[in-house]
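This is a predicted model, so every value here is computed, not measured. Within every chain, numbering begins at 1; the chains are lettered A, B, ... in the order of the sequence lines, protein sequences first and strands thereafter.
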Protein chains: 2
Amino acid sequence: MSSLHAASPGLIRTSGSETDRRRLNTWQAVRADVLDRIRSGEWPPGSLIPTEQILSKEMGCARATVNRALRELADSGIVQRRRKVGTRVTATSSRRAMMSLPVIRDEIEAMGARYGYQMTDCLARPPSPEAMQALQVDAGDSMILVKSRHMADDRPHCCEAIWLNPRAVNLPDARLFGTVPPQEWLARTLPVAQSRFSILAEGATGACAINLLVAVGTPVMAIERVNTLNGLPVSFARQFYPPHHRLVLKD
Amino acid sequence: MSSLHAASPGLIRTSGSETDRRRLNTWQAVRADVLDRIRSGEWPPGSLIPTEQILSKEMGCARATVNRALRELADSGIVQRRRKVGTRVTATSSRRAMMSLPVIRDEIEAMGARYGYQMTDCLARPPSPEAMQALQVDAGDSMILVKSRHMADDRPHCCEAIWLNPRAVNLPDARLFGTVPPQEWLARTLPVAQSRFSILAEGATGACAINLLVAVGTPVMAIERVNTLNGLPVSFARQFYPPHHRLVLKD
DNA sequence: CTATCGATAATGAATAGACGATTTCGCCGC
DNA sequence: GCGGCGAAATCGTCTATTCATTATCGATAG
């Protein structure tokens, strides 16, 4: 019926973008088409684009298919949609980018290096002020602090300090962390937790500098991660990466 | 027909998660339900969960609705799906997090501060080695380098150096950048470009340290951004943020 | 035993149709 | 002019159905 069934070339525009549309699904073709017409200036930033119904008729596909395409574009911040109003091209270039935070073991092995892990400390102690704030506990609670470092081919790749909340999770024998990184143990124990990350630059402090084999005060990138499960804060981790480490995001 | 039409309570499980499901759509309810059963250990990491058909029957909704829910979970890395094989709970805790990179003006005004912009330099010169690599140009090409800083209530918030490729975009009169930040001009001129970001920690160098009012060598967070349009690299920007600036990601 | 081929099962995508939610817009009474 | 109210437009979601794509498994020919 439709001129545009699965990968039929009906939709392909002659404008000649670099994307190879021969193997695109219909909704991906619609998305690419809309993107092209935005880029070409046909629909400038801030303007309304035609309704789903008009587009579906124009492109010879179902409205649900156009909906899927436009929803994806809205998810990445390229357009904004409101009922009854329509779909508007986002005026500013505010963009959302997806970052993938792999397990450090995978990250290192993906580079083709040999992974190594060393626990450097494992203490029960009252939480630091940052840990108190992140985990919503108070100074009286006793927390577990595990410090460790991760090596790539015997060179330090990252060092880590993680606070674990014994009220949120049953901790194993501490010796386990001598061989198993706490993040991996946590991932196996609590399948899906909700996480909040933040990224900042810091000067390396004493232990961190020693573990990363850099001078005190050297700029390091810190990634903080708070895991919560059912609203209960479970862990607060800080990972430090030496200079020249890059976190890459694609948009 | 279905026991689960739009926000009907049919699906609501008694497990009592913290999420308020009374106002969830059906597909969101399905997603929450699956997530709960993963978290509860019913479907441990690495295991296969029931097929879409079984789930749709079990939950009294259409398979397309289950598909939507499981697709969202796959998009955020919680499950992995393969045709004919099924849907598997991701074994590692590798997660994808969404980061929003707002226009700096918006970022500052959202904090309730007054935005200020100053251009500090605007030069035509051959590209630096990094710019050559990022923009895929060679040393013979003449590029435009604009340096600027952004202020929040008269305190430096971020400084920026951006290389523009005159072969990819028609540049305006350079005086424009005295009042309009290059990123904003770019956003208005090229509606939707594809971007690649990377984030790293560096020590502040001379001009950067002066602009941010910090000592040389102070750790700063650098965000690099390469914009390309139809495969043609358009701009290469490096933004530097002073210590204590945090980039926040929600998962 | 092994390679190949077909049946089967699972997800992926598309369709038409329906209904619901939300916001705008104009009409009407005042 | 103005306030309220209902019609209409538009996106959001759901269903049922069909076909496409991909992988697994087992049977069969050699």
Side-chain angles (χ1 to χ4, degrees), chain A residues 1-12 21-34 43 47-75 77-90, chain B residues 1-12 21-34 43 47-75 77-90:
Chain A
M1 327 4 186
S2 146
S3 67
L4 224 206
H5 213 277
S8 117
L11 183 80
I12 303 199
R21 291 188 191 164
R22 278 168 302 186
R23 56 183 61 193
L24 292 185
N25 298 322
T26 311
W27 70 265
Q28 293 170 323
V30 172
R31 183 181 59 179
D33 185 84
V34 170
W43 299 325
S47 65
L48 281 174
I49 75 178
T51 68
E52 292 186 350
Q53 205 153 45
I54 294 176
L55 284 177
S56 67
K57 192 157 297 184
E58 189 180 315
M59 310 211 191
C61 65
R63 185 172 78 92
T65 306
V66 175
N67 183 282
R68 169 93 192 260
L70 294 184
R71 178 155 43 78
E72 298 269 336
L73 288 175
D75 282 347
I78 300 195
V79 299
Q80 291 164 340
R81 320 194 71 200
R82 277 174 69 206
R83 279 177 173 129
K84 163 71 182 172
V85 177
T87 303
R88 198 176 287 281
V89 181
T90 302
Chain B
M1 311 49 169
S2 148
S3 67
L4 223 210
H5 214 279
S8 116
L11 183 80
I12 303 204
R21 292 188 189 165
R22 279 167 301 184
R23 58 181 58 194
L24 291 186
N25 298 322
T26 311
W27 72 265
Q28 292 170 324
V30 172
R31 182 181 59 180
D33 185 84
V34 170
W43 298 326
S47 64
L48 281 173
I49 74 177
T51 67
E52 292 185 350
Q53 203 152 50
I54 294 176
L55 285 177
S56 68
K57 193 157 296 183
E58 189 180 313
M59 310 210 188
C61 64
R63 186 173 76 89
T65 306
V66 175
N67 184 284
R68 168 91 193 259
L70 294 184
R71 177 156 42 79
E72 298 269 336
L73 288 174
D75 281 347
I78 301 201
V79 300
Q80 291 164 339
R81 321 195 69 201
R82 280 172 66 207
R83 279 178 171 132
K84 165 71 183 172
V85 177
T87 302
R88 198 175 285 282
V89 180
T90 302

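- Residue A/Glu52 contributes atom CD, which lies 17 Å from atom P of C/dG17 at whole-angstrom precision.
- One can place CZ of B/Arg81 at 14 Å from C1' of D/dT22, the figure rounded to the nearest angstrom.
- Among the heavy atoms of the strands lying under 4.0 Å from A/Arg63 is at least one base atom, whether or not backbone atoms are also near.
- Residue A/Thr26 has a polar side-chain atom (N or O) positioned under 4.0 Å from OP1 or OP2 of C/dA14.
- One interatomic measurement links the two molecules: NZ of A/Lys57 to C1' of C/dA16, which rounds to 13 Å at whole-angstrom precision.
- Between the P atom of C/dT8 and the CD atom of B/Gln53 lies a distance of 15 Å, rounded to the nearest Å.
- Here A/Thr87 does not reach the OP1 or OP2 of D/dT10: none of its side-chain N or O atoms lies under 4.0 Å away.
- Each of B/Pro50 and B/Ala64 lies near DNA chain C, and the nucleotide nearest B/Pro50 is the one positioned closer to the 5' end.
- Residue A/Val85 is the one, among B/Trp27 and A/Val85, whose nearest nucleotide of DNA chain D lies closer to the 5' end (criterion: closest heavy atom).
- OP1 and OP2 of D/dC14 both lie 4.0 Å or more from every side-chain N or O belonging to B/Arg68.
- For B/Thr65, whose side chain is taken as the heavy atoms from C-beta onward, the closest listed nucleotide among C/dT15, D/dT15, D/dA23 is D/dT15.
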Residue pair B/Val34, B/Ile49: steps toward the side chain to side chain contact (heavy atoms under 4.5 Å, CB included) verdict: CA-CA 9 Å; B/Val34 170; B/Ile49 74 177; 4.3 Å; yes
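- One finds no salt bridge joining B/Glu52 and B/Lys57 here, because no Lys/Arg side-chain nitrogen approaches an Asp/Glu carboxylate oxygen to under 4.0 Å.
- Put simply, B/Asn25 has a side-chain N or O that comes within less than 4.0 Å of OP1 or OP2 on D/dT13.
- Contact check, A/Thr51 against D/dA9: no side-chain N or O comes under 4.0 Å of OP1 or OP2.
- Distance CZ (A/Arg83) to P (C/dA21): 8 Å, rounded to an integer number of Å.
- A residue-by-residue look at A/Gly86 and A/Arg71 shows that A/Gly86 has its nearest nucleotide of DNA chain D further toward the 5' end.
- Looking at every heavy atom in both residues, A/Trp43 comes nearest to A/Pro50 through CZ2-CD, 3.4 Å.
- D/dG6 atom P lies 17 Å from atom NZ of A/Lys84, rounded to whole Å.
- OP1 or OP2 of C/dT24 lies within a sub-4.0 Å distance of a side-chain N or O belonging to A/Arg82.
- Whole-Å rounding puts the A/Ile49 CD1 to D/dA9 P distance at 19 Å.
- Put simply, A/Asn67 has a side-chain N or O that comes within less than 4.0 Å of OP1 or OP2 on D/dG12.
- In this structure, CG of B/Leu48 is placed 13 Å from C1' of D/dA23, rounded to the nearest angstrom.
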Working for side chain to side chain contact (heavy atoms under 4.5 Å, CB included), residues B/Leu70 and B/Arg81: CA-CA 9 Å; B/Leu70 294 184; B/Arg81 321 195 69 201; 3.3 Å; yes
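- Between the side chain of A/Thr90 and the main chain of A/Gly77, a donor-acceptor pair closer than 3.5 Å is present.
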